[in-house]
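Each chain gets a letter, A, B and so on, in the order its sequence line appears, and its residues count up from 1.
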Amino acid sequence: MEMGMDTSPSPSSSAPSSASSDSIDLNFLPFLKREPKSEPASPERGPLPLPAATPPPPLQVQAQAAATAASPLPATPDLSAAAVMTPLQSLPPNPEEETLLAEYYRLASLYLSSSAGAAGVIVPAPTPEASAGAVVQPGSGSAAKKRRPRSSELVRVSSLSVRDQIYFRDLVRRARITFESLRAMLLRDDERAEALGLTGVGGFGAVDRRRVRADLRAAALMGDRDLWLNRDRRIVGPIPGISVGDAFFFRMELCVLGLHGQVQAGIDFVTAGQSSSGEPIATSIIVSGGYEDDDDRGDVLVYTGHGGRDPNLHKHCIDQKLEGGNLALERSMAYGIEIRVIRAVKSKRSPIGKVYFYDGLYKVVDFWLDRGKSGFGVYKYKMLRIEGQEAMGSVNFRLAEQLKVNALTFRPTGYLSFDISLGRESIPVALYNDVDDDRDPLLFEYLARPIFPSSAVQGKFAEGGGGCECNENCSIGCYCAQRNSGEFAYDKVGALLRGKPLVYECGPYCRCPPSCPNRVSQKGLKNRLEVFRSRETGWGVRSLDLIKAGTFICEFSGIVLTHQQSEIMSANGDCLVRPSRFPPRWLDWGDVSDVYPEYVAPNNPAVADLKFSIDVSRARNVACYFSHSCSPNVFVQFVLFDHYNISYPHLMIFAMENIPPLRELSIDYGMIDEWVGKLTM
DNA sequence: GTTGAGTCAGAGAA
DNA sequence: CTTCTCTGACTCAA
């Protein structure tokens, strides 16, 4: 099958295609259901305003400059591809309209996702083959795969409306969830294969113990389905849906998203042949810390060109040449083209020991040929960060590390409490306000665990046969695995593999030890959370730790009321959280239907119609201060572990994006209740 | 700390 | 103009 015939939806096009659904019923894709009926306006794009009058600065170094550099520049480099883009006819953004649109979109999102749930998006249980995932080859088959090459069309995406921003954020999140879910599935398959005595991906007879990297395989699966983003144009400047500060764990993921298209090289650029001015143009760089001559001061960065190094040793052995990415950076300087900068920072929270932060846009302001520490010639580029951007992810990361050690040194004022839980949480929860004199969260009793009504839990502790009989950590086939319809919900480091209607963790009636990997959310906080005051969202919550997507954050606590009690209390106008109102965002986590169209979200274990509510008016925990968003970074997963009454599950909150330190956590509450208004005003 | 298989895109040849 | 082959870039996992 030719890729051109592929029936899978292609998110790489900026507007949702009116995909002909030959063989795949697109209607069951939850994501597509949530899209607004009308096409989101495509981003306003325009030709790059290349300063025609800017003469190329005289090359200070006439090294081995490629012929193109030496030849005189055309007065106006004709980036013709950009020129045919829709001309800018943008009105100045109207804040009022933006707010209305945001509200409209929130409601549309709410309506569509909730109606989707009611209309039976949850289709029959996946076959074991489908849920095992990697054993099934994607439908298109890998035979005649022909990857669509990267386009050279150079565009800059600017002034996205609120609605577009949400649209692209969701698009990017979906791609990232697909990537991470595939990777997790492949890893799990590897482990199973190894447990069975088969080795790696080579299958039978493979001798090599080394696994084929799951990140590469996940990217390849997505590539076969044309699911890589932003391949139809080369974007200069910000990538829609990716914010300054976003965190990534794999180089391949950067390629999949189009943030940086080079698997290994640190400089990504449009080649001379592709650019109509005949010159290469750099668009992004990665500062990995691998080059000894780099000098990184944050806002000011001296970056070293690539090349000249021995492939095996990380030593320079010949002079660098002004070609490829090196020349492209120089050309970007001449034209004033902004460069995306991605920094690698060491982190124990990362599966690979480091994390890549998108730190925003820089401009090259100077370049020269220098003698590196090795004694060989290296090209150096002085880059300045463009002002007015969000704080850098790498800076926030370091600040948060310092705050964990000694908060008062870096924030002498503003802390109202270092632990509003008063020791009730496993990790302290700080309270910080440097905005006004509100101290509201201090006035409530901190309740780390919800209190269930006795009628709800009486006799429900050992319901359904009590716990498992495992003496060691639980494994596939044990009673608790069966409860979870044959598979455990978490991977070995405690990340949720995919969202489910309900997760059964091992509990007090299980024999397995506390180290059992099926005990995750019951153990409480693992991240340093902070309740903080902001001018935009009132009270909010942020983390000092980098939170990997899929990991547990905290429980939603309070005094649990029965249906009857809820009716009475809400009549009194009290603050009630209704679990049934959270849109089923868990459907998205683990969704790989873009790659495996046969994938459907699990509909087991079953959960009851939830009629209870949580009263947070007297006692509450940190979860109560999460801000609302229709494009949230956390979601609710229902979990049972201590009692087994399916009408009263715990509301456990998990990350659905990688959440960088100091970024606000946001959740989709569904309807905005009066209490949310009260809390966030 | 060391090692090697693995990827895509660029560059140039066919 | 398209298609191919070679090369360079260095990451991730053991």
When you compare the protein's N or O atoms with those of nucleotides 6-9 of chain C, which come within less than 3.5 Å of each other, and at what distance?
| unit_1 | atom_1 | unit_2 | atom_2 | d |
| --- | --- | --- | --- | --- |
| C:dA9 | N9 | A:Q264 | OE1 | 3.2 |
| C:dA9 | N1 | A:Q264 | NE2 | 3.4 |
| C:dA9 | N3 | A:Q264 | OE1 | 3.0 |

Name the pairs: protein N/O against N/O of nucleotides 11-14 of chain B, kept only if under 3.5 Å.
none

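Evaluation of atom-type donor-acceptor distances gives a pair under 3.5 Å for the side chain of A:R213 against the base of C:dT11.
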Does A:T304 form a side-chain hydrogen bond (donor to acceptor under 3.5 Å, both in side chains) with A:D294? I'd like the steps, not just the answer. CA-CA 6 Å; A:T304 311; A:D294 282 356; 2.6 Å; yes
Side chain to side chain contact (heavy atoms under 4.5 Å, CB included) between A:N326 and A:L329: does it pass, once the steps are laid out? CA-CA 5 Å; A:N326 295 353; A:L329 271 179; 5.6 Å; no
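With rounding to whole Å, A:K492 atom NZ is found 11 Å from C:dA13 atom P. Counting to the nearest Å, the C1' atom of B:dC8 and the CG atom of A:D224 are 14 Å from each other. In this structure, A:E253 places its CD atom 18 Å from P of B:dT7, rounding to the nearest Å. Atom CD1 of A:I342 and atom C1' of C:dC10 are 15 Å apart (whole Å). If you measure from atom CG of A:L221 to atom P of B:dC8, you get 11 Å, rounded to the nearest angstrom. Atom CZ of A:R217 is separated from atom P of B:dA5 by 16 Å (rounded to the nearest Å). The distance from atom CG of A:L186 to atom P of B:dT7 is 13 Å, rounded to the nearest whole Å. Between the CD1 atom of A:I267 and the C1' atom of B:dA9 there is a distance of 14 Å, given to the nearest Å.
At a threshold of 4.0 Å, the pair A:R331-A:E279 counts as salt-bridged, since one of the basic side-chain nitrogens sits closer than that to a carboxylate oxygen. A salt bridge does not link A:R663 to A:E390: none of the charged nitrogens lies less than 4.0 Å from a carboxylate oxygen.
At least one test fails for A:R519 against the ring of A:Y490: distance under 6.0 Å to the centre or angle within 45° of the axis.
Between A:R251 and C:dT11, a side-chain N or O to OP1/OP2 separation shorter than 4.0 Å is present. For A:S288, no side-chain nitrogen or oxygen approaches OP1 or OP2 of C:dC10 to under 4.0 Å. A:R231 has a side-chain polar atom (N or O) that falls below the 4.0 Å cut-off from OP1 or OP2 of B:dA9.
Using a 3.5 Å distance cut-off with no hydrogens or angles, the side chains of A:D232 and A:S151 do not pair a donor with an acceptor.
Judged as a salt bridge (charged side-chain N to carboxylate O under 4.0 Å, His left out), the pairs with a partner in residues 247-261 of chain A (not counting sequence neighbours) are, in order, A:R176-A:E253.
Summary of the strand contacts: A:R150 and A:M252 both lie near DNA chain B, and taking for each the nucleotide with the nearest heavy atom, the more 5' one is attributed to A:M252.
Among A:L182, A:D190, A:L187, the one residue that satisfies the side-chain contact (heavy atoms from CB on, under 4.5 Å) test with A:R217 is A:D190.
Residue A:L257 holds its CG atom at 12.0 Å from CE of A:M252, rounded to the nearest 0.5 Å.
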